[in-house]
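Every chain is numbered from 1, with letters handed out A, B, ... down the list of sequences.
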Amino acid sequence: MALIAILVFILTLDQSSFLRVLHRPLIACTLFGIVLNDPAKGAAVGAAMELIVLGAENRYVNTVLYSVMAVVLAVQSGMDVNTAIASALVFAWLGMYADGAFTAISAAFLPMARKAAENRDEKKLALANILPGILKALLFTVLACLAYTGGESFRTTVSSLEKNAGWVMAGLAAAGSLMKCLGFAVILRNIQIREISGALVAGAAFAALIVTTGISGATLLICAMLAFALAAYDYSLQANETAAAEKGGASKWW
Amino acid sequence: MVVGAGPYKNLTEAYPLDKKTLNKIVWRSFLSGFSRNGETGESIGWLWAIMPGLKKIHTDEQDLAYAMGHHLEYVETGSFLSTLAMGAVLSMEQCKYDPALIRSFKASVSAAADGIGTALFWYLIIPFTAMGVLSLAQGGSPAAALIYFLITAVLAVAARFAGMYIGYAQGTRLADTLSKKKKGAVRSIRLAGAFMIGAMIIVNMKDVSAALTMYNGSDSLDMASQLNQLLPGIIPLLLTWLMWHLLTRKNWSPMKCILLIVVIALAGAAIGLWAGTYEPLIHIG
């Protein structure tokens, strides 16, 4: 139990920081299997879950809770791999939305970070960076402990929560994503977007075009290439203008 | 809080950063994801990671506070190649470019690092390694996890160091080229930055999509595909415009904007507007 709690704590930290590979289901489930004295079953559960997660679009899905409960069900209740993964699905839901809601709430640490920036206080900044991570890891540790000790009754509680208050969790998670719009708006204000709003619209249009073709993994990369091309072209255009102006007279128009 | 409306006070170029500082930033970058939040992405961790460099570059106290302020604005690097963006941005800071240029440059270079890192790790290294050890794991061998971890971990660490040195060297080269015509460079890079922010609004907000289905007797209308016909990503685009409008025209504070977003998000979830597996409070249509 204590070992599971420590593992969940570390893996939740790894989900957003460190190497960001330790929390992958294949590794996480094997580790939980080792702790629960059945590494073989842990590895088998991990392999099956890894396949599910590999196809997931969102790279920030939190599978730590899902991993631990699937392994617990497989080892302690003696379920076979696929049944355990299916039975633990409700914890995938809990992990995903708890993570999303926490992302929304972590914005509460921004005022602290801004204050630290005004005062050039590096220690306080480090605190504003580490604290949300530790709080999130603690939250998931508590959830995992509840799930582990609560057993069947906790699972039914979560299921009924999903049914009745699922929209609140989904709303908070959506808020966590939608808040980025404010982050973008602040940059747009500070770079005085009005004069160059055409480039913004062009970028959005290009990204929308590429996203709909389905090769979404490379969208940002392709857009970045286009952006650099745009900047290089604009820069060379100006270089020609200034060179002509230095020579004297206007540039030839014919 | 509008920070960075003008150039830095001390415009003398700083000394190049030494290897020790760069390595320190690489190690810090491993801890920069903790504070990932909805509003500004990884910005707190990003700023904390590049602090050793910023402190060496900005000896003027006011400039340092100013730089720290604008580095707290939205940034998302996808972690795996975050150092590539860090190195490139630091080389620009070192030349004391206008913060307007650094902001735009940061937007484009961090999105590029995110794009390369995502393609390299999430679509290439991780799936290939996982597939390679999968049959071993299915057979119940814990060694599969160890091999998986070792391969990806070594590559992840190597990518961070390579990213930092490539980013810093290339950034310095670019900064030298641009320094001859600083004024023109500002316009070009601002264009690229605006372009990338437009792209990021669409790409980074993909997870919020409408999923409303309206029923009329036996006929149903899928709102998500209808909205996609109109323009994919229309919700985040409109919301970003609304936020910009409220911030600049109506002088709203960010806190008020956040509250509005939470209300919109909860209301949307209540009627089942957002995609996902949940039971909406009210079924409409």
Fill in the blank from the handout: Okay, Arg28(B) and chain A: the region with an atom under 4.5 Å from a heavy atom over there is side chain
Exercise for the section: Answer with side chain, backbone, both or neither: which region of Pro280(B) has an atom nearer than 4.5 Å to a non-hydrogen atom of chain A? Expected result: backbone
Practice task
With a 4.5 angstrom heavy-atom cut-off, could you sort out which part of Leu178(B) is near chain A: side chain, backbone, both or neither?
Solution key: both
Handout entry: Ring geometry between Phe18(A) and Phe34(B) (parallel below 30°, tilted from 30 to 60°, perpendicular above 60°)
Key = perpendicular
Exercise for the section: Check whether any side-chain heavy atom of Ile201(B) lies under 4.5 Å from a side-chain heavy atom of Trp241(B), and answer yes or no. Expected result: no
Practice task
Using the six-membered ring of Phe30(B), assess whether NZ or CZ of Arg160(B) lies under 6.0 Å from its centre and within 45 degrees of the ring axis.
Solution key: yes
Practice task
Could you tell me how the ring of Phe80(B) sits relative to the ring of Trp122(B): parallel (under 30°), tilted (30 to 60°) or perpendicular (over 60°)?
Solution key: perpendicular
Exercise for the section: Applying salt bridge (charged side-chain N to carboxylate O under 4.0 Å, His left out), run through Arg103(B) and Glu73(B) and close with a yes or a no. Expected result: CA-CA 9 Å; Arg103(B) 270 197 183 95; Glu73(B) 286 166 17; 2.8 Å; yes
Fill in the blank from the handout: Greatest number of non-hydrogen atom pairs under 4.5 angstrom with chain A, of Arg187(B), Gln138(B), Met243(B), falls to Arg187(B)
Practice task
With a 4.5 angstrom heavy-atom cut-off, could you sort out which part of Leu246(B) is near chain A: side chain, backbone, both or neither?
Solution key: neither
Problem - Contacting region of Ile116(B) [heavy-atom separation from chain A under 4.5 Å] - result: both
Handout entry: Chi angles and distances behind the salt bridge (charged side-chain N to carboxylate O under 4.0 Å, His left out) call for Lys136(A), Asp99(A)
Key = CA-CA 8 Å; Lys136(A) 183 172 147 190; Asp99(A) 195 277; 3.0 Å; yes
Fill in the blank from the handout: When the 4.5 angstrom heavy-atom criterion is applied to Tyr74(B) and chain A, the contacting part is both
Practice task
With a 4.5 angstrom heavy-atom cut-off, could you sort out which part of Met200(B) is near chain A: side chain, backbone, both or neither?
Solution key: both
Handout entry: Side chain / backbone / both / neither for Lys163(A) at chain B, heavy atoms under 4.5 Å
Key = backbone
Handout entry: Structural part of Thr129(B) lying under 4.5 Å from a heavy atom of chain A
Key = neither
Problem - Side-chain H-bond candidate by donor/acceptor type, Asp114(B) with Thr118(B), under 3.5 Å - result: yes
Problem - Interface moiety of Phe206(A) toward chain B, non-hydrogen atoms closer than 4.5 Å - result: side chain
